[in-house]
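Below is one structure, written out as structure tokens; comments come after it.
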Amino acid sequence: MDTRIGSLDAAKPACNDVVSCNHTTSAAIQPCVPATVINGAGGDSTLGGHLARRLVEIGVTDVFSVPGDFNLTLLDHLIAEPALNLVGCCNELNAGYAADGYARARGVGACVVTFTVGGLSVLNAIAGAYSENLPLICIVGGPNSNDYGTSRILHHTIGLPDFSQELRCFQTITCFQAVVNNLEDAHELIDTAISTALKESKPVYISISCNLPGIPHPTFSRDPVPFSLSPRLSNKMGLEAAVEAAAEFLNKAVKPVLVGGPKLRVATASDAFVELADACGYALAVMPSAKGQVPEHHPHFIGTYWGAVSTAFCAEIVESADAYLFAGPIFNDYSSVGYSLLLKKEKAIIVQPDRVVIANGPAFGCVLMKDFLKALAKRLKHNNTAYENYHRIFVPEGHPLKATPREPLRVNVLFQHIQKMLSGETAVIAETGDSWFNCQKLKLPKGCGYEFQMQYGSIGWSVGATLGYAQAVPEKRVIACIGDGSFQVTAQDVSTMLRCGQKTIIFLVNNGGYTIEVEIHDGPYNVIKNWNYTGLIDAIHNGEGKCWTAKVSFLTLSSSFIAVSNMEEC
């Protein structure tokens, strides 16, 4: 984590009246669009223009925002960039969640909020992105550069002449913080922040003084010269030694298995992991937080390893193996079912994004996961014993009993219907809570996306994340499974989905409260006020755009609804 604050004295604007908010109410990154587009009508030599071009250059074509008087001029310059689309959200929390969902689909996301009241509102979403290793550019319109170093008290603050409260809050949940309050080092600070987010796969914070976005400066060339990211390389000797030790360990095992973890994403090693599975023939499982990172149509895929709540017969195969390779695992209390996994360290090879540990030792640092898995694939003997054992004990799941006419819908029947909707042209967003468990049972066809926030587990995340994910991949239809308690936290931005013409489907299971917490520890605080959810969505729709809702009676639950925006066919 690093903080860079611009010089307080260098290159202040000559005129104090320029949008003075406080006085009013690997290889070089290649542009995702041609330079001629980036340099179009919106291209200019201002700070705002430079930031807009950089965002487009790294693959961000949609920025999620909430306007405020400290960021209005900056928003003008983002809008002026023809390759950039500004998506206005109902609140800052949802803007952050949307940037999170966008980053999951595109590899990087961005949001823009205003000073302190906006910055502190988006904090929870940024913390979630940090925990999930997502590169996210959080941009805040900051105080006028002329106010730094003075004793002025600004609005939108806690009433102290200290502008660093927001910065201090972001320091523990971002990997780099840039406070841009002069033009001389603005170019360097912005580029360093963006490149750090991409290299570290973590959020960064950029505060830009509200009077600076529209001011030209020689460093903001109209030519968008791509900045370079220093390629990360494995230590060659360390890589060779790690592969040698791992190959010896695994080749002498009788029934080894492979288990994929969530850090496959940050290591960009999913393809290398599949390549290894193809080569060695081992049974292949995923941790729950890695669902969607490994193709479930792989011939040796045996399901989700989640201890006592694993996919049927998966835990038996993993825990009885005499060797297991975990690629990118996170063993937290959720993924380990309260640290109850029946695993033994002396049987495990743990591969992290830049480190390999063989059983109780040795350990090899500066070894990139992708390089290690690819090299190991060439050294392992083919061994499908564990998969054969799985195939021998596997019993196909039965189908739910068909419902009779007018019979209340059962949850297992609902998810049977959702299963039939899945294809390579869909993606599933699972909200924190019982949707975690129900959606884990879905079998993802080739190309079907899947996302949920297992590490941070913030209820309400899925509404904003659905908005962002759908905006990032408009060719896919996003299917979101959300409980009523979570939906009540962030429901407003269904209106943004409608305004953007998205074709999302939301299945809202009305549990009458916080069901997952009832299972943990019941009490009257887990009961919430029931809403007319279909009526709410109809009110938000208000005759503008395409929307359809329905309410269904459940066997043990009160109701469910389906909301389809931009629906072309049912």
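Computed from a predicted model, the values in this text were never measured in an experiment.
Residues Asn532 and Thr534 bring a donor and an acceptor atom of their side chains to less than 3.5 Å of each other. Between the side chains of Thr549 and Asp538, at least one donor-acceptor pair of N or O atoms lies under 3.5 Å. Side-chain atoms of His298 and Asp278 form a donor-acceptor pair, as typed in the model, at a separation below 3.5 Å. Donor-acceptor pairing under 3.5 Å is lacking for the side chains of Tyr533 and Asn510. A donor-acceptor contact closer than 3.5 angstrom is absent between the side chains of Tyr334 and Ser289.
Shown here is Glu248, whose CD atom has no more than 12 heavy atoms of other residues, nucleotides or ligands within 6.0 Å. Applying the 6.0 Å contact sphere to CE of Met237 captures no more than 12 heavy atoms from other residues, nucleotides or ligands.
Separating the CG atom in Leu414 from the CZ atom in Phe507 is a distance of 6.0 Å, to the nearest 0.5 Å. Taken from CD1 in Ile349 to CD1 in Ile358, the straight-line distance is 4.0 Å, to the nearest 0.5 Å. Going from atom OG1 of Thr172 over to atom CZ of Phe170 covers 10.0 Å, rounded to the nearest 0.5 Å. The line from CG of Asn332 to OG of Ser131 is 9.5 Å long, rounded to the nearest 0.5 Å. The distance from atom OG1 of Thr304 to atom CG of Leu442, rounded to the nearest 0.5 Å, is 10.0 Å. Here the straight-line distance linking atom OH of Tyr97 with atom OG1 of Thr490 works out to 7.0 Å at 0.5 Å rounding.
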_Residues Tyr282, Leu380; criterion side-chain contact (heavy atoms from CB on, under 4.5 Å); working and verdict_ = CA-CA 10 Å; Tyr282 296 179; Leu380 293 184; 3.8 Å; yes

_Let's go through Glu319 and Tyr305 carefully: what are the C-alpha distance in whole Å and the side-chain angles of both, what is the deciding distance for side chain to side chain donor-acceptor pair (under 3.5 Å) to 0.1 Å, and is it a yes or a no?_
CA-CA 9 Å; Glu319 293 177 348; Tyr305 174 60; 2.6 Å; yes

_Met454 and Met287: CA distance, side-chain angles, deciding distance, side-chain contact (heavy atoms from CB on, under 4.5 Å) verdict_ = CA-CA 11 Å; Met454 187 168 196; Met287 301 181 73; over 6 Å; no

*Residues Ile126, Tyr205; criterion side-chain contact (heavy atoms from CB on, under 4.5 Å); working and verdict*: CA-CA 9 Å; Ile126 303 304; Tyr205 164 84; over 6 Å; no

*Please lay out, stage by stage, how Phe331 and Phe326 fare under the test ring pair (Phe, Tyr, Trp, His ring centres under 6.0 Å).*
CA-CA 11 Å; Phe331 295 107; Phe326 280 81; 5.4 Å; yes

_Intermediate values then yes/no, side chain to side chain donor-acceptor pair (under 3.5 Å), Glu431 and Ser462_ = CA-CA 5 Å; Glu431 176 58 80; Ser462 64; 2.6 Å; yes

*Walk me through it: do Leu341 and Val318 pass the test side-chain contact (heavy atoms from CB on, under 4.5 Å)?*
CA-CA 10 Å; Leu341 302 182; Val318 172; over 6 Å; no

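In this structure, the side chains of Arg477 and Glu425 stay at 4.5 Å or more apart for every pair of heavy atoms. In this structure, the side chains of Asp354 and Arg232 come closer than 4.5 Å at one or more pairs of heavy atoms. Tyr102 has its side chain out of reach of Val87: every pair of non-hydrogen atoms, C-beta onward, lies at least 4.5 Å apart. Side chains of Arg392 and Phe313 form no contact here, defined as non-hydrogen atoms less than 4.5 Å apart. A 4.5 Å side-chain heavy-atom check between Tyr456 and Asn124 finds at least one atom pair inside the cut-off. A 4.5 Å side-chain heavy-atom check between Ser121 and Asn91 finds every atom pair outside the cut-off. Counting heavy atoms from C-beta outward, Leu376 and Leu325 have side chains that approach closer than 4.5 Å. Between Leu120 and Cys169, some side-chain heavy-atom pair lies under the 4.5 Å cut-off.
For Asp100 (side chain) and Leu134 (main-chain N/O), no donor-acceptor pair under 3.5 Å exists by modelled atom type. At least one donor-acceptor pair closer than 3.5 Å links the side chain of Gln352 to the backbone N or O of Pro329. Between the Asp333 side chain and the Tyr339 main chain, no donor and acceptor come within less than 3.5 Å of each other. Proximity of a side-chain donor or acceptor of Asp371 to a complementary backbone N or O of Val367 within less than 3.5 Å is not detected. For the pair Gln502 (side chain) and Met497 (backbone), a donor-acceptor distance under 3.5 Å is absent. Judged purely by atom type and a 3.5 angstrom limit, Ser335 uses its side chain to pair as donor or acceptor with the backbone of Ile330. Asp322 places a side-chain N or O within 3.5 Å of a backbone atom of Val254 that can act as its donor or acceptor partner. Panel note: side chain Thr385, backbone Lys255; no donor-acceptor pair is recorded below 3.5 Å. Judged by distance alone, the side chain of Ser234 and the main-chain N or O of Leu368 form a donor-acceptor pair under 3.5 Å. Panel note: side chain Ser435, backbone Cys481; a donor-acceptor pair is recorded below 3.5 Å.
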Please list, one pair per line, the donor and acceptor atoms closer than 3.5 Å that link side chains of residues 264-274 to other protein atoms, with sequence neighbours excluded.
unit_1, atom_1, unit_2, atom_2, d
Arg265, NH1, Glu451, OE2, 3.4
Arg265, NH2, Glu451, OE1, 2.7
Arg265, NH2, Glu451, OE2, 3.4
Thr268, OG1, Lys370, NZ, 3.2
Ser270, OG, Gln293, O, 3.1

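Nearest heavy-atom pair across Val122 and Cys138 is CG1-SG, 3.9 Å. Among all heavy-atom pairs drawn from Met369 and Val351, the shortest one is CE-O, 3.4 Å. In plain terms, the two heavy atoms of Gly424 and Pro445 that are nearest each other are N-CG, 4.5 Å. For Thr496 against Cys89, the heavy-atom pair with the smallest separation is OG1-CA, 4.1 Å. Closest non-hydrogen pair, Asn511 versus Asp484, comes out as N-OD1, 3.1 Å. Nearest heavy atoms, Thr432 versus Gln453: OG1-O, 4.1 Å.
Remark: Glu296 engages Lys291 in a salt bridge (Lys or Arg N to Asp or Glu O under 4.0 Å) (not counting sequence neighbours).
Below 30°, between 30° and 60°, or above 60°: for Phe437 and Trp306 the angle between ring planes is below 30°, a parallel geometry. Tyr387 and Tyr390 have tilted rings, their planes meeting at an angle from 30° to 60° on a 0 to 90° scale.
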